[in-house]
Amino acid sequence: MGFAVLHIQKPKGNDARITAHIERTVQPGNADPERKELNKEFVTFPDGVENRTQAIQYRIENAGITRKIRENQVRALQVMLSGTPEDMQRIQAEGKLDEWCKDNLEWLRETFGNDNIVSAVLHMDEKTPHIHATVVPIVTGERRKAKQEENNGKKKYRKKPKDTVRLCADDVMTRDNLERFQDTYAEKMRKYGLERGIKGSEARHISTPQYYRELFAQNEDLKESIGYLEEEKQEVYEKVRDMYDRKDEVQEKFLNMHEYTRQKETEISDLETRIEQLKQDYEPYKAQDDINLLFSVFPQLNERLRIAQLCKGIGLTIDTIKQLFKGEPLSFTGTLHFPEHNQSFNVQDANLQLFKEGKDSDKLKLSINGQNIIDWFKEQFDKLRQTIKSHIKPTQPTQKKGRGV
């Protein structure tokens with residue numbers, strides 16, 4: 001019986017790399033482009049949402065969260081669902097892959113909530129079939145750490161309603177929850193001949209770059225061991241030749257040393273086979289290498305990507321961004337979002353346009369009505385803040401009555 005594979009992690013920083021891998025906007029080196037059409041997205045995006053990144057933002061904006069989202073806050077969890085390679089190939093050969101996918105989606109919805117599953121993609125163009133799911137960690141109730149402080153007699157907050165909606169990856173990925181996820185997922189996969197990994201194992205998931213660093217170090221150690229064994233084998237052969245000259249005296253020792261030499265040769269062969277197996281079995285993500293190569297060949301592409309991300313961040317659609325890159329002014333009516341303060345502003349017939357910062361510069365800037373978009377946002381936010389202040393009446397100090405003289 002093989003193992004059920006469940007890997008959950010909190011991405012650090014921009015998740016553009018994993019999005020490019022999941023949506024195949026950049027072709028991974030370990031994927032077969034001719035099988036790309038076999039990949040399948042199981043979650044339908046809401047109207048107006050075009051990709052995984054927008055789906056994450058849409059869920060956050062429509063979850064009823066009242067607390068401000070910090071810029072460095074984890075907005076989505078990456079969940080990878082699969083099994084040992086030979087078992088996944090067996091499930092596919094038996095015609096049970098569709099049923100396996102259905103049970104995986106059912107487990108995701110039961111575990112994290114249907115609305116929090118914003119994307120689930122089956123990859124069939126790699127060696128082992130697997131599902132990449134994106135979960136927005138929306139939870140309700142008081143913070144887990146705050147409750148612990150209360151139990152320790154360190155209550156320092158005003159208790160909030162138990163139905164308060166929050167974005168909190170830490171409350172989802174507690175030690176107890178992670179263990180429960182492994183248990184329930186393994187139970188769901190049992191009918192496919194997959195079982196839970198060793199409970200309490202000290203094994204930990206590592207990132208792809210860290211895997212390669214460790215694999216390289218292991219390979220270097222193995223090469224060193226092989227070299228040492230070769231030297232040892234040569235010494236053995238020399239001893240054998242020396243003993244052969246005295247074979248009448250030490251025939252038994254000669255036979256033992258011959259067996260020892262054969263054993264060492266087998267160990268060397270096993271080590272070399274293991275190195276090759278590691279290279280063949282692992283499916284590396286090479287998307288970042290491809291992106292770096294593209295940026296080095298087309299330096300201006302990096303600047304265009306920066307501007308495109310800025311435009312998406314303030315709420316412009318892909319079609320609008322394409323029109324702006326044509327260099328022509330564009331009349332815009334709608335809502336623009338200021339990510340720095342998580343504030344949106346409505347505009348009517350605003351003039352948007354992309355300019356080069358200098359004649360010989362590749363740097364681009366986005367303007368609104370001839371003004372840098374960032375300066376415009378800050379100006380609008382200052383106006384909004386002043387408006388709010390003007391509607392707040394100052395509290396009059398309470399005068400205490402004194403006793404008469």
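The figures that follow rest on heavy atoms only: side chains count, while hydrogens, waters and symmetry mates do not. Note that the coordinates shown come from a computational prediction; the quantities given were computed from them, not determined experimentally.
- Using bins of under 30°, 30° to 60° and over 60° for the plane-to-plane angle, the ring pair Phe112/Trp107 lands in the perpendicular bin.
- Checking side-chain atoms of Gln353 against main-chain N and O of Glu328 turns up no donor-acceptor pair under 3.5 Å.
- When all heavy atoms of Ala31 and Glu126 are compared, the closest pair comes out as CB-CG, 4.1 Å.
- The neighbour count for Glu86 CD, taken as heavy atoms of other residues, nucleotides or ligands under 6.0 Å away, is above 12.
- In this structure, Leu105 and Ile117 have side chains that are not in contact, with every pair of non-hydrogen atoms separated by 4.5 Å or more.
- Leu167 has its side chain out of reach of Arg67: every pair of non-hydrogen atoms, C-beta onward, lies at least 4.5 Å apart.
- Considering all non-hydrogen atoms of both residues, Pro137 and Val172 come closest at CB-CG2, 3.8 Å.
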For Thr261 and Glu265: C-alpha separation, side-chain torsions, deciding distance, then whether side-chain contact (heavy atoms from CB on, under 4.5 Å) applies. CA-CA 6 Å; Thr261 302; Glu265 289 176 339; 4.2 Å; yes
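- Considering Gln27, Lys36, Arg24 in turn, Arg24 is the only one that fulfils the side-chain hydrogen bond (donor to acceptor under 3.5 Å, both in side chains) rule with Asp125.
- Of all heavy-atom pairs between Ile91 and Leu194, the closest is CD1-CD1, 4.2 Å.
- Between Ala120 and Val43, the shortest heavy-atom contact is N-CG2, 3.7 Å.
- Between the side chains of Asn372 and Ser367, no donor-acceptor pair of N or O atoms lies under 3.5 Å.
- Residues Tyr58 and Phe45 fail the side-chain proximity criterion, which asks for heavy atoms closer than 4.5 Å.
- A distance-only check finds a donor-acceptor pair linking the side chain of Tyr192 to the backbone of Trp100 [under 3.5 Å].
- For Arg52 against Thr134, the heavy-atom pair with the smallest separation is NE-OG1, 2.7 Å.
- Here the side chain of Gln182 pairs a donor or acceptor atom with the backbone of Leu6 at under 3.5 angstrom.
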Start with the C-alpha distance between Asp382 and Arg385, add both sets of side-chain angles, then the distance that settles salt bridge (charged side-chain N to carboxylate O under 4.0 Å, His left out), and finish with yes or no. CA-CA 5 Å; Asp382 287 341; Arg385 188 165 52 184; 2.8 Å; yes
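- At least one donor-acceptor pair closer than 3.5 Å links the side chain of Ser82 to the backbone N or O of Pro129.
- To the nearest 0.5 Å, the span separating CG on Asp103 from CG on Leu81 amounts to 11.5 Å.
- Closest of all the heavy-atom pairs between Asp87 and Gly193 is OD1-O, 4.2 Å.
- Heavy atoms from other residues, nucleotides or ligands lying under 6.0 Å from NZ of Lys191 number more than 12.
- Side-chain atoms of Gln78 do not come within 3.5 Å of backbone N or O of Ile8 as any donor-acceptor pair.
- For Asp115 (side chain) and Arg59 (main-chain N/O), no donor-acceptor pair under 3.5 Å exists by modelled atom type.
- Residues Asn51 and Thr19 have side chains not in contact (no heavy-atom distance under 4.5 Å, counting atoms from C-beta outward).
- Under the 4.5 Å side-chain criterion, counting only non-hydrogen atoms from C-beta, Glu41 is not in contact with Leu122.
- Here the side chain of Gln54 pairs a donor or acceptor atom with the backbone of Glu50 at under 3.5 angstrom.
- At least one donor-acceptor pair closer than 3.5 Å links the side chain of His123 to the backbone N or O of Ile22.
- Side chain of Thr387 to main chain of Lys383: a donor-acceptor pair is present (N/O by atom type, distance under 3.5 Å, no hydrogens or angles).
- Checking side-chain atoms of Asn351 against main-chain N and O of Ile368 turns up no donor-acceptor pair under 3.5 Å.
- Between Phe377 and Leu336 the shortest side-chain heavy-atom distance falls below 4.5 Å.
- Evaluated for a side chain to side chain contact (heavy atoms under 4.5 Å, CB included) with Leu324, the options Asp319, Leu316, Leu364 yield exactly one hit, Leu316.
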Please lay out, stage by stage, how Leu366 and Ile314 fare under the test side-chain contact (heavy atoms from CB on, under 4.5 Å). CA-CA 11 Å; Leu366 176 63; Ile314 67 175; 3.8 Å; yes
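- Using a 4.5 Å heavy-atom threshold, the side chains of Met88 and Leu97 count as touching.
- Glu110 places none of its side-chain heavy atoms less than 4.5 Å from the side chain of Thr184.
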